[in-house]
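Before any comments, here is the structure.
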Amino acid sequence: MANYDVIIIGSGPGGYVAAIRAAQLGLKTACVEGRETLGGTCLNIGCIPSKALLHATHQLHEAEHNFAKMGLKGKSPSVDWKQMLAYKDEVVTTNTKGVEFLLKKNKVDWLKGWGSIPEPGKVKVGDEVHETKNIIVATGSVPSSLPGVEVDEKIVVTSTGALELPKIPKKMVVIGAGVIGLEMGSVYARLGTEVTVVEYLDAITPGMDAEVQKQFQKILTKQGLKFIMGAAVQGVEATKTKAKVSYKLKKDNSEAVLDADVVLVATGRKPYTGGLGLEALGVEMSERGQIKTDAHWQTNVKGIYAIGDAIAGPMLAHKAEDEGMAAAETVAGKHGHVNYGVIPGVVYTHPEVATVGQTEEQVKESGRAYKVGKFSFMGNGRAKAVFAADGFVKLIADKETDRILGCHIIGPGAGDLIHEICVAMEFGASAEDVAMTCHAHPTFSEAVREAALACGDGAIHM
Ligand SMILES: Cc1cc2nc3c(=O)[nH]c(=O)nc-3n(C[C@H](O)[C@H](O)[C@H](O)COP(=O)(O)OP(=O)(O)OC[C@H]3O[C@@H](n4cnc5c(N)ncnc54)[C@H](O)[C@@H]3O)c2cc1C
């Protein structure tokens, strides 16, 4: 008799959500976690702590730049960095404890330690081997390295080090203009750090709608971030207190060096599957180190499933969560489902950037006839009232059927606004469906409706 119906290895958003759903469906479930606390990268060193620092520094920005305009006078707050880090840690603890509570509540056993799979149907944690009918691998990802750059997590850091620097650096070089680099770059820029972002490509946030990329870079530049685009980093030389980043510009091969107190390497993440024993089991992996699965998250070895950052697809917490639920449902004999065409992506800078579905470039390439409805937050009363009118909503719909194909928002609350379009897309809605839905005034959401109206007879407030 197996001890468990399912053992999940890893307690990040993929793993703990899979565990809760499996237990809810009546499966005897355990979750293995080697870290001291539950919640994975996301809760411990990812989504949650970064958002805490983004929130705190945004408050500072508001106090410094907008309070006086609203008649709120007085000295701007000074920064107590130690306290800000303590606040961030407190937010992390509350969340990781919350996951611990949820696992207990759902009667999921937390098997503490690093797990491996000696053979299908068995999971070894420490010296103990647990038998199980199914295994879900949810071991997540780690920062990817860059040739010629050695990370010490003090002067040359990944996002993990950037979340707990002992002091606010005067100068920071961020290698990589992806989501993590820009979010952490924004945090430090708001704290007064001179931030220079060096990016190999010619546009920031690779893969996003080009119009959004351009506007986003403009706004961040206005906020004080410097960008060196089309630059290949050649190496980083670090001492105990400083670093030098050398780079070569692709356009003319010219070389230059940047000085920094801290260098943040934010060049992406790679799946983490070390120590599981997958190779010996013959589990197929992609060239990029991702575990290969079928459409039901099962690997080529029966009874072993994989989800989240460890498999293909966007490395996002909510994608991992959806796969966690769906894989657990599959294991329980139900029909788990994830619609990969409707997974939103959000950058939590200020303004936020949010996107779902196809970019205009992708639609164009598909050869499909399409229309674009755009609405600037300049025409949104609420956005103007809170000094957040930079940005727009861009809705893309099929020219013939009016069905929504994608939405790209840069503006206040974009990360929340996008979900209206996610739901619309799930229901196969048209731009007109959104345009005909009454939206409360004054809200940022009205900008989404106006973009939908712009796909038809025209926006009202533009
Ligand atoms: C700075 C930063 C900010 C981010 N911000 C966002 C954001 O705002 N929104 C968003 O959607 N995504 C964000 N992400 C990405 C997000 O964190 C990941 O996509 C998400 O955590 C992936 O979830 P997961 O469950 O696949 O793996 P993880 O969260 O990485 O969890 C995997 C867990 O498995 C454990 N583990 C690994 N191997 C073993 C083993 N052998 N035995 C036991 N335990 C093991 C690890 O210790 C880890 O706790 C951010 C990431 C970073 C680094």
Side-chain angles (χ1 to χ4, degrees), residues 7-19 30-55 88 92 95-96 99 110-118 123-126 130 135-144 157-164 174 176 178-187 264-278 290-291 297 306-325 327 343-349 352-355 415 418:
I7 294 183
I8 294 123
I9 308 181
S11 73
Y16 84 75
V17 167
C31 186
V32 188
E33 176 54 62
R35 204 188 275 277
E36 291 291 306
T37 49
L38 298 167
T41 303
C42 179
L43 272 66
N44 289 281
I45 49 167
C47 329
I48 296 299
S50 58
K51 264 80 259 178
L53 292 182
L54 279 159
H55 173 70
K88 178 247 332 169
V92 167
N95 279 278
T96 57
V99 172
W110 173 6
L111 306 177
K112 294 185 184 177
W114 299 99
S116 60
I117 311 173
V123 173
K124 189 166 183 248
V125 186
H130 303 266
I135 297 166
I136 301 177
V137 177
T139 47
S141 62
V142 287
S144 42
V157 300
T158 64
S159 54
T160 308
L163 289 166
E164 51 186 21
V174 178
V179 176
I180 293 175
L182 297 181
E183 286 186 356
M184 292 313 299
S186 284
V187 163
L264 165 59
V265 185
T267 47
R269 296 177 64 82
K270 58 180 181 196
Y272 178 70
T273 54
L276 286 171
L278 296 183
Q290 298 152 328
I291 302 171
W297 304 278
I307 56 169
D309 280 10
I311 70 169
M315 287 182 159
L316 293 170
H318 42 284
K319 176 259 193 190
E321 287 184 36
D322 278 24
E323 288 175 344
M325 267 191 280
I343 293 183
V346 179
V347 194
Y348 298 84
T349 44
E352 290 183 348
V353 179
T355 164
I418 199 73

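As the structure lists them, so they are numbered: ligands from 1, and atoms in each ligand from 1. Just so you know, residue 1 is the first one in the sequence shown, and it goes up from there.
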Please check: side-chain N/O of [X] versus main-chain N/O of [Y], any donor-acceptor pairing under 3.5 Å?
X: Lys112; Y: Val32; value: no
X: Lys51; Y: Tyr348; value: no
X: Ser144; Y: Gly268; value: yes

One pair per line, please: each N/O atom of ligand 1 matched with every protein N/O atom under 3.5 Å away, atom names first, then the distance to 0.1 Å.
| unit_1 | atom_1 | unit_2 | atom_2 | d |
| --- | --- | --- | --- | --- |
| ligand 1 | 5 (N) | Lys51 | NZ | 3.3 |
| ligand 1 | 8 (O) | Lys51 | NZ | 2.6 |
| ligand 1 | 11 (O) | Ala317 | N | 2.8 |
| ligand 1 | 11 (O) | His318 | ND1 | 3.3 |
| ligand 1 | 12 (N) | Ala317 | N | 3.4 |
| ligand 1 | 19 (O) | Asp309 | OD1 | 2.9 |
| ligand 1 | 19 (O) | Asp309 | OD2 | 3.2 |
| ligand 1 | 19 (O) | Met315 | O | 3.3 |
| ligand 1 | 19 (O) | Leu316 | N | 3.2 |
| ligand 1 | 19 (O) | Ala317 | N | 3.4 |
| ligand 1 | 21 (O) | Cys42 | N | 3.4 |
| ligand 1 | 25 (O) | Pro13 | N | 3.4 |
| ligand 1 | 25 (O) | Gly14 | N | 2.9 |
| ligand 1 | 26 (O) | Asp309 | N | 2.9 |
| ligand 1 | 29 (O) | Thr41 | N | 3.0 |
| ligand 1 | 30 (O) | Thr41 | OG1 | 2.6 |
| ligand 1 | 41 (N) | Gly115 | O | 3.0 |
| ligand 1 | 42 (N) | Gly115 | N | 2.8 |
| ligand 1 | 44 (N) | Gly34 | N | 3.2 |
| ligand 1 | 47 (O) | Glu33 | OE2 | 2.7 |
| ligand 1 | 49 (O) | Glu33 | OE1 | 2.8 |
| ligand 1 | 49 (O) | Glu33 | OE2 | 3.1 |
| ligand 1 | 49 (O) | Arg35 | NE | 3.4 |

Check: CD1/Ile136 to SG/Cys31 distance, rounded to the nearest 0.5 angstrom?
Finding: 9.5 Å

Next item on the list: Provide the closest heavy-atom pair for Pro314 versus Ile343 in the form atom of the first, atom of the second, distance.
Entry: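 That would be CG-CG2, 4.5 Å.
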
Checklist line | Side-chain heavy-atom pair Ile117, Ile9 within 4.5 angstrom cut-off | finding: yes

